[in-house]
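One structure below.
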Amino acid sequence: MLIISIRHAENVFDLSPEEFAELRDILHQVKSLLESKYKPDGYNIGANCGSVAGQSIPHFHLHVIPRYKKGLRNSLVRRGVEKLREYYLN
């Protein structure tokens, strides 16, 4: 799932203190939604800041990735991330 700012902010460091506080509240709402529907065992939460960090869209967005102890979901996401990493680093 992605959380995207309404106001243009290039990355997480450009959010105002109020927006950052709202982001925390939204993140908890997203977690509750994912917990009730998909029951993940854990999460990866990330934001790339700057092109050398893998940011390809210059607008703040936060990735919320549910993770599972077993099953295909983990390996597919990890393989996808590795492919993106290869693409951007080469």
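Numbering of residues begins at 1 and proceeds along the displayed sequence. Treat the numbers as computed from the prediction; the structure is a model and nothing was measured.
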Note, P40 side chain near R67 side chain (heavy atom, < 4.5 Å) = no
query = In Å and rounded to the nearest 0.5 Å, what is the CD1 to CD distance from I26 to E19?
reply = 9.5 Å
request  = Please confirm whether H59 and H61 have ring centers closer than 6.0 angstrom.
outcome  = no
M1 with Y38, same ILVMFWY side-chain cluster at under 4.5 Å = yes
inquiry  = I need the minimum non-hydrogen distance between S5 and L15, along with the two atoms involved.
reply    = CB-CD2, 4.2 Å
query = Do NZ/NE/NH1/NH2 and the carboxylate oxygens of K31 and E35 come within less than 4.0 Å?
reply = yes
request  = Please answer whether the main-chain N or O of P17 pairs with a side-chain N or O of E22 as donor and acceptor at a distance below 3.5 Å.
outcome  = no
inquiry  = With a 4.5 Å cut-off on side-chain heavy atoms, are L62 and I45 touching?
reply    = yes
ask   = Does I4 CD1 have over 12 foreign heavy atoms under 6.0 Å away?
value = yes
key: Atom pair CD1 (I65) and CG (N44), whose distance is rounded to the nearest 0.5 Å   = 5.5 Å
remark   = Here the pair of heavy atoms bringing L2 nearest to H63 is CD2-ND1, 3.5 Å
query = What's the spacing between R7 CZ and S16 OG if we round to 0.5 Å?
reply = 6.0 Å
task = Measure the spacing between CZ of F60 and CG of N11 and express it to the nearest 0.5 Å.
result = 8.5 Å
ask   = Looking only at heavy atoms, which two atoms of C49 and A53 are closest? And how far apart?
value = O-CB, 3.4 Å
